[in-house]
Amino acid sequence: MKAVRVHAYHSDPTIDDIPEPTLQGPLDVIVKIGGAGVCRTDLHIINGDWAEAQNPELPYVIGHENAGWIEAVGEGVTNVAVGDTVILHPQPSCGLCLACRRGRDMQCEAAFFPGLSNNDGGMAEYLRTTARACIKLDPSTNPADVAALADAGITAYHAVRKAVPDLFPGTTAVVQGVGGLGHIAVQALAAITGTRIVVVDRNPDALALAKQIGADETVLADGTHIDAVKDLTNGRGGDVVFDFVAEQGAELDAWQMTAPAGSQYVLGYGGEFKAPTLDFVGGEKNVIGNIVGTYADLTELMVLAQAGKVTLHTKQYPLDAALDALHDLDAGRVRGRAILVP
């Protein structure tokens with residue numbers, strides 16, 4: 001099969017012909033990929049940023065936002081069958097450790113992460129994962145239309161879901177960065193909260209999209225955006241600020257846009273957060289980190305998606321054009337999410 005593999009960090013991946021994956025355990029499934037999202041994390045992977053944390057053996061196949069059709073199942077699989085349309089939670093979990101028992105999939109003690117850890121991902125024609133990762137979809141669903149919800153979607157939804165108690169009517173949520181994750185957060189906020197939504201981005205086209213999908217106010221990040229957000233909130237700032245940028249100083253902008261007793265949710269990464277401790281004490285402000293959501297988050301998000309309340313804005317590329325997709329993402333030429341279609 002064809003697959004996009006990283007051979008060396010700081011170098012473009014290559015599209016290789018490699019053997020198709022095979023079943024290795026009773027709960028394994030093989031998925032024929034119908035769509036694989038191209039994520040900014042893939043750029044970080046290529047740059048070697050995840051090498052120490054995940055320690056994969058090179059070369060390996062990247063791609064952690066995947067949907068498709070069940071091609072084969074292990075002898076112990078009962079929740080899906082060959083031919084089913086599925087979206088895949090990006091980090092399969094064991095179901096037995098204490099974190100799993102508490103519903104915290106991302107802290108599973110025995111988890112693996114196809115496309116990041118030492119396990120091939122889904123920028124390929126086929127992927128091996130486990131039955132625990134599979135969420136069955138309506139057969140009419142086009143996997144390419146929903147694949148990026150498997151990571152970008154649940155990461156954004158997970159943060160919004162955690163913030164729901166603080167986003168009652170009369171509050172303001174600020175979304176900084178309305179790219180692949182941020183445009184999903186805007187829709188999730190509109191669907192499940194009563195908050196006013198203010199979006200900040202440096203790209204006018206991104207702001208126009210945000211307005212179309214549920215933002216109440218938009219602010220151009222032109223150096224005056226902190227004051228602009230303060231002006232829209234009677235000088236307070238956002239009760240919750242979702243920072244999907246978190247690099248090149250944006251993480252500190254988000255902090256300044258967070259209201260007293262408010263919370264800054266950090267979803268982007270690459271920068272460094274630094275603030276006086278008096279700001280925490282005097283302002284009683286919170287900084288909350290976020291990683292990919294839970295299996296339950298993904299099931300809830302798919303309910304919203306299949307009801308038409310959350311839709312992905314995508315640009316599709318054939319698998320052979322994976323490098324074009326990665327370069328376009330890196331250059332900021334992708335509105336929403338790039339999707340590879342084998």
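Quick caveat: nothing in here was measured; it's all calculated off a predicted structure.
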*For the side chain of Asn118 and the backbone of Glu57, is there at least one donor-acceptor N/O pair under 3.5 Å apart?*
yes
*Heavy-atom pair of closest approach, residues Pro342 and Leu319*: CA-CB, 3.9 Å
*Nearest heavy-atom pair of Val200 and Met257: which atoms, and what distance?*
CG2-SD, 4.3 Å
*Give me the ring orientation class for His313 and His183: parallel if the planes are under 30° apart, tilted from 30 to 60°, perpendicular past 60°.*
perpendicular
*Within the side chain of Gln176, is there an N or O that forms a donor-acceptor pair under 3.5 Å with the backbone of Ala250?*
yes
_For a quick test of reading the model, state the closest non-hydrogen atom pair linking Thr155 to Leu181 and the distance between them._
CG2-CD2, 3.6 Å
*asked:* Are more than 12 heavy atoms, taken from residues, nucleotides or ligands other than Lys162, located less than 6.0 Å from that residue's NZ atom?
replied: yes
*Closest heavy-atom pair and its distance - Cys100, Cys94*: SG-N, 3.8 Å
*Looking at the rings of Tyr9 and Trp50, which for Trp means the six-membered one, are their centres under 6.0 Å apart?*
no
*Spacing of Met1 atom CE and Asp16 atom CG [to the nearest 0.5 Å]*: 10.0 Å
*Begin with the C-alpha distance, continue with both residues' side-chain angles, and end with the deciding distance and a verdict on side-chain hydrogen bond (donor to acceptor under 3.5 Å, both in side chains) for Asp105 and His89.*
CA-CA 10 Å; Asp105 307 65; His89 189 279; 4.9 Å; no
*Should we count CG of Asn234 as having more than 12 external heavy atoms under 6.0 Å?*
no
*Does Phe112 sit in a hydrophobic cluster with other residues, and if so which ones, taking ILVMFWY side chains as linked at heavy-atom separations under 4.5 Å, directly or through other members?*
none
*Can you check whether Ile291 reaches His158 side chain to side chain, under 4.5 Å on heavy atoms?*
no
_Main chain of Val178, side chain of Asp201: is a donor-acceptor contact present, judged purely on distance under 3.5 Å?_
yes
_If I compare all heavy atoms of Val86 with all of Cys134, which pair ends up nearest, and what's the gap?_
CG1-CB, 4.2 Å
*asked:* Rounded to the nearest 0.5 Å, what separates atom CG in Asp253 from atom CD in Gln256?
replied: 6.0 Å
_I'd like to know if the side chain of Asp227 reaches the main chain of Thr224, judged simply by a donor and an acceptor atom lying under 3.5 Å from each other, with no hydrogens or angles considered._
no
*asked:* Is it the case that the side chains of Asp328 and Tyr317 hold a donor-acceptor pair, with the cut-off being a distance below 3.5 Å and no angle test?
replied: yes
*Hey, what do you get for NE2 (His7) to CG (Leu58), rounding to the nearest 0.5 Å?*
9.0 Å
*Of all heavy-atom pairs between Arg161 and Glu300, which one has the smallest distance, and what is that distance?*
NE-OE1, 2.8 Å
*asked:* So if I apply the side-chain hydrogen bond (donor to acceptor under 3.5 Å, both in side chains) rule between Thr195 and each of Asp239, Thr171, Thr172, which one comes out positive?
replied: Thr171
*Side-chain contact test, heavy atoms from C-beta onward, threshold under 4.5 Å: evaluate it for Tyr126 versus Lys32 and give yes or no.*
yes
*Give the cluster check for Val146 versus Val303: same hydrophobic cluster or not, with ILVMFWY residues linked at side-chain heavy-atom distances below 4.5 Å.*
no
*asked:* Between Val310 and Tyr157, is there a side-chain heavy-atom distance shorter than 4.5 Å?
replied: no
_Is any side-chain heavy atom of Arg337 closer than 4.5 Å to one of Cys39?_
yes
*asked:* As an exercise, state the distance from CG of Asp330 to CG of Asp42, rounded to the nearest 0.5 Å.
replied: 11.5 Å
*Report yes if some heavy atom in the side chain of Ser93 is under 4.5 Å from a heavy atom in the side chain of Arg132; otherwise report no.*
yes
*Consider only side-chain heavy atoms of I, L, V, M, F, W and Y, link residues closer than 4.5 Å, and tell whether Leu252 and Val245 are in one cluster.*
no
_Arg202 atom CZ: more than 12 heavy-atom contacts under 6.0 Å_ = no
*Going through the checks in order, is the side-chain hydrogen bond (donor to acceptor under 3.5 Å, both in side chains) test met by Asn47 and Asp49?*
CA-CA 6 Å; Asn47 198 44; Asp49 298 347; 3.2 Å; yes
*Phe244 reachable from Ile226 in the ILVMFWY side-chain graph, under 4.5 Å edges*: no
*Do Leu137 and Pro143 have side-chain heavy atoms sitting under 4.5 Å apart?*
no
*Measure the CD-CD distance between Gln264 and Glu251 for me, rounded to the nearest 0.5 Å.*
8.0 Å
*Does one hydrophobic cluster hold both Leu209 and Val219, with members joined at side-chain heavy-atom distances below 4.5 Å?*
no
*Mind checking whether Trp255 and Phe273 have parallel, tilted or perpendicular rings, split at 30° and 60°?*
perpendicular
*With hydrophobic residues grouped by side-chain heavy-atom distances under 4.5 Å, do Leu329 and Leu340 end up in a single group?*
yes
*Lys2 and Asp320, any side-chain heavy atoms less than 4.5 Å apart*: yes
*asked:* Under a 3.5 Å distance rule, please check whether Gln187 uses its side chain to pair with a backbone N or O of Thr311 as donor and acceptor.
replied: yes
*Is there side-chain contact between His327 and Asp12, with heavy atoms separated by less than 4.5 Å?*
yes
*When you check the gap from the basic side-chain N to the acidic O, do Asp216 and Arg196 get nearer than 4.0 Å?*
no
*asked:* For the backbone of Ala228 and the side chain of Asp231, can you confirm whether one donor and one acceptor N or O come within less than 3.5 Å of each other?
replied: no
_Approximate separation, where rounding is to 0.5 Å, of Ile197 CD1 and Leu189 CG_ = 5.0 Å
